[in-house]
Protein chains: 2
Amino acid sequence: MAIRKDGQNSFSRTTLADVARESGFSPSTISIVLNEAPISRYVAAKTKEHIREVAKRLDYRPDAFGRSLRKRRSHTIGVMIFDISDPFCTLILQGIEKSLHSTEFLPFIVDAHNQREQFERYLAMLLEYRVEGLIVVANWLFIDIETLSELERHRVPTVLVGSEMRSGPLGSVLVNNEQGGYLALQHLHSLGHRKIAFIRGPRQLWDSSRRWDGVLRFAAEVGLKMPKKWVVELTGSSESNSSFDEGRSLTSTMLQNDAGFTALLAFDDLTAFGAVRALRDFGRSVPEDCSVLGFDDVPHAALFNPSLSTVRQPMERMGSIAVGRILNEIQQGGEVAPGKGRVDLLPPELVQRESTGAIHPTSKILARKIGKI
Amino acid sequence: MAIRKDGQNSFSRTTLADVARESGFSPSTISIVLNEAPISRYVAAKTKEHIREVAKRLDYRPDAFGRSLRKRRSHTIGVMIFDISDPFCTLILQGIEKSLHSTEFLPFIVDAHNQREQFERYLAMLLEYRVEGLIVVANWLFIDIETLSELERHRVPTVLVGSEMRSGPLGSVLVNNEQGGYLALQHLHSLGHRKIAFIRGPRQLWDSSRRWDGVLRFAAEVGLKMPKKWVVELTGSSESNSSFDEGRSLTSTMLQNDAGFTALLAFDDLTAFGAVRALRDFGRSVPEDCSVLGFDDVPHAALFNPSLSTVRQPMERMGSIAVGRILNEIQQGGEVAPGKGRVDLLPPELVQRESTGAIHPTSKILARKIGKI
DNA sequence: CTTTCTTATTGAATCGTTTGAAAGATCATG
DNA sequence: CATGATCTTTCAAACGATTCAATAAGAAAG
């Protein structure tokens, strides 16, 4: 379309050579000035000014490919998300982005949609783009040892966020699930609940057993009985709202078997939403007739009706810690970093909202009975 | 660390030259074979096989920078998200990713965090990475004409998703807001509601007036009265959950002034969640005492308690249509594409769930009065 | 007047890949 | 046996930037 006065077709963008020609200096000088390289100290102030002016006028933008090729650096960090529609991932992602913002790195985000095939395809692409570090945000861990050892081979500093590998050399950053489970049950217990139903996480998920360990630890400490009829387990399909649906149907089933529990501890917030729905369908209101406690503290937990009490994972912080560790490893220059394979366990935090409340055995049940008479 | 048998430090990855040396053929041949270029037809089958074997053995991966530099193509589409934590954006993003998956393009996703400064910084970076197309997912439009004309200058095919520019040459893909507004009010009206409160979108947002136009059109058709006391407006802060908070407080205020409305039409789902909360705090239950209708159909709308009736935007489809248009423009090769500046308006769909219901003036109000006596 | 130092700028090689042109074979055709 | 035609492979020049080593001019020092 438009032809510039130098006769060049404007579709080919302005290059360093263009600026050189236009300003009368060599490409070397232009590069040195625009990058404020150390030797630019010796470039005459007038020259600098002139070059900058010309560069601006021609709207010069250095080409990332030429630059990265020469410098052998991409200035990007790969971020592999397992499922970007999971609000859990979203917040971690925000933490990552915010921390990366003040650095020279650009996040290269891809979403595996919970599919291994995509995971591998995107991984290959990230490697072709020579990402200097890799953050894997795994809400729901389907990758196994094999895939992981593959990650290891690439000699790209890698950190796993939100999930832990049982073994292996990969570092990870996640919440202390054991402690979270402990806190959760402690909360319900402290409100007076003794008949508690549980929806455990899926068996395949390593984190879910850690969480359950915490629950068991507290139960043992106070001698709480946990009848089998009130302990159920998610299957762990990777579909989007499956934990809501499963939470709902599992709760429904439990209610039909023996509705005598006064509190329910769900594996995560979505499961808890499902449980609340089932309870309501059954005619029981939350928290008056049954308390419900979630896990994660996704953004909508506070907006829910009733707002959901939950155990918060410090998701943004997890993201920024992951970035910190990656940056560290990069600076080590590929040497065996000191903290490699380390696991950062962050403390969870109990957030009490409306969905849990103290049990009022006398007053409430009495009031009911009277009402019925 | 590990030293390969060819004596090279394994930190420098295998390059085309490595494969050439190892296989005994020239780099040209390697490139031709691995890319299955047209001339590879003439390469002996045995050679091909051998080269492929060696490439695999050395775990050769073509360097994206070298390649893109030479081919002058990046094979990436920039995706600028205004706020990735907004579930509205998330779904559009999924649509984009899914459509891009079957193509040769990789999405390069960045999140502007609703800040103009970030928007511009990331835009510059995307341009340095020579994205071949740009999709801007704008849930909440803060960019003005100036920034937009800047977009135009770069000669990168660009499509705006989820928002419309009042003017300007940029194409966009979005829901038919006018029709959505019409459908929304029609729904409430058909349920028998005549006293309806409205929470309009922020004034700065062009889309929100389109939506309001639709509301007014229906109101005019049926002669509905819309007293000023029941029409309020969001201010449009760009903070994360602000529309929930605003929805809540605005509803609260209306309830205190005159609680006589039997239905409420919210600008979007989050606002609706806030309204439900305010109504409940005021002692009114949804939908029995007041119906609430949202807009968007974010993923959590179905999980909410009560599940939210809303006007759905086909977000995934919006994403994939945007991709289709970008791909088209790219194929046109930078020529003035035929559909440039075109606006695709997609039909909204009313989703009835639990938060809206028919009005029962006699039965219900009567029942109350009797109860009180 | 030569030597050394500082200031100011540039030449040329390089990163890893692709690709049009060309070169060497092999083989049939007139 | 020259002349193409058909295979098979390679040469060498890009792409756009960075950077080391080199050049050149002037000033200061001996």
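Residue numbers start from 1 in every chain, and the chains themselves are labelled A, B, ... in the order their sequence lines are given, proteins ahead of strands. Keep in mind the model is a prediction, meaning the values are calculated, not measured.
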Return the value, rounded to whole Å, for the distance between atom CG of A/Leu34 and atom C1' of D/dT18. 12 Å

Partners passing side chain to side chain contact (heavy atoms under 4.5 Å, CB included) against B/Arg70 (at least two apart in sequence or in another chain): none

Please state how far atom CZ in A/Arg21 lies from atom C1' in C/dT10, giving the value in whole angstrom units. 17 Å

What is the distance, rounded to the nearest whole Å, between atom OH of B/Tyr129 and atom C1' of D/dG16? 14 Å

Atom pairs under 3.5 Å: protein N/O with N/O of nucleotides 19-24 of chain D:
from	atom 1	to	atom 2	distance (Å)
D/dT19	O4'	A/Arg70	NH2	3.4
D/dT19	O4	A/Ser28	OG	3.3

Member of A/Val79, A/Val131, A/Val323 meeting the side chain to side chain contact (heavy atoms under 4.5 Å, CB included) criterion with A/Pro107: A/Val79

As a check of understanding: the bend across the helix from C/dC1-D/dG30 to C/dG30-D/dC1, end axes from five pairs, rounded to 10 degrees, works out to 70°

Is the closest basic N to carboxylate O distance between B/Glu120 and B/Arg116 below 4.0 Å? yes

Report which part of the nucleic acid B/Arg73 touches: base, sugar-phosphate, or nothing (heavy-atom distance under 4.0 Å, all strands). nothing

Return the orientation label for the A/Phe105 and A/His75 ring planes: parallel under 30°, perpendicular over 60°, tilted otherwise. tilted

Please lay out, stage by stage, how B/Glu128 and A/Leu106 fare under the test side chain to side chain contact (heavy atoms under 4.5 Å, CB included). CA-CA 12 Å; B/Glu128 288 184 4; A/Leu106 190 62; over 6 Å; no

Which whole-number value in Å describes the distance from A/Lys48 NZ to C/dT7 P? 12 Å

Closest to the A/Ser26 side chain: C/dG11, D/dT9, D/dA17? C/dG11

Quick one: do the A/Ser26 and A/Thr29 side chains pair a donor with an acceptor below 3.5 Å? yes

In whole Å, I'd like the distance from the CG atom of B/Leu69 to the C1' atom of C/dT17. 8 Å

D/dT18 phosphate, OP1 or OP2: any side-chain N/O from A/Arg72 under 4.0 angstrom? no

So do B/Val33 and B/Phe25 actually touch side chain to side chain, heavy atoms under 4.5 Å? no

Ring-plane angle category for A/Phe119 and A/Phe82, please: parallel below 30°, perpendicular beyond 60°, tilted otherwise. perpendicular

For C/dT17, take OP1 and OP2 only and decide whether either is under 4.0 Å from a side-chain N or O of B/Tyr60. yes

Spacing of B/Tyr42 atom OH relative to C/dA23 atom P, expressed in whole Å: 18 Å

Protein-nucleotide distance (A/Ile51, atom CD1; C/dT10, atom P), rounded to Å: 8 Å

In whole Å, I'd like the distance from the CZ atom of B/Arg41 to the P atom of C/dT19. 17 Å

Among B/Val159, B/Thr158, B/Ile96, which one satisfies side chain to side chain contact (heavy atoms under 4.5 Å, CB included) with B/Ile326? B/Val159

Assign the ring pair B/Tyr122 / A/His101 to parallel, tilted or perpendicular, where the plane angle (0 to 90°) is split at 30° and 60°. tilted

Residue B/Phe25, side-chain heavy atoms: nucleotide from C/dT7, D/dT18, D/dT10 that is nearest: D/dT10

Once you apply a heavy-atom cut-off of 4.0 Å, does B/Thr47 come out as touching a base, just sugar-phosphate, or nothing? sugar-phosphate

Can you work out whether B/Arg130 or B/Val43 has the more 5'-proximal nearest nucleotide on DNA chain D? B/Val43

Of the nucleotides C/dT18, D/dT9, C/dT9, which one has an atom closest to the side chain of B/Ala44? D/dT9

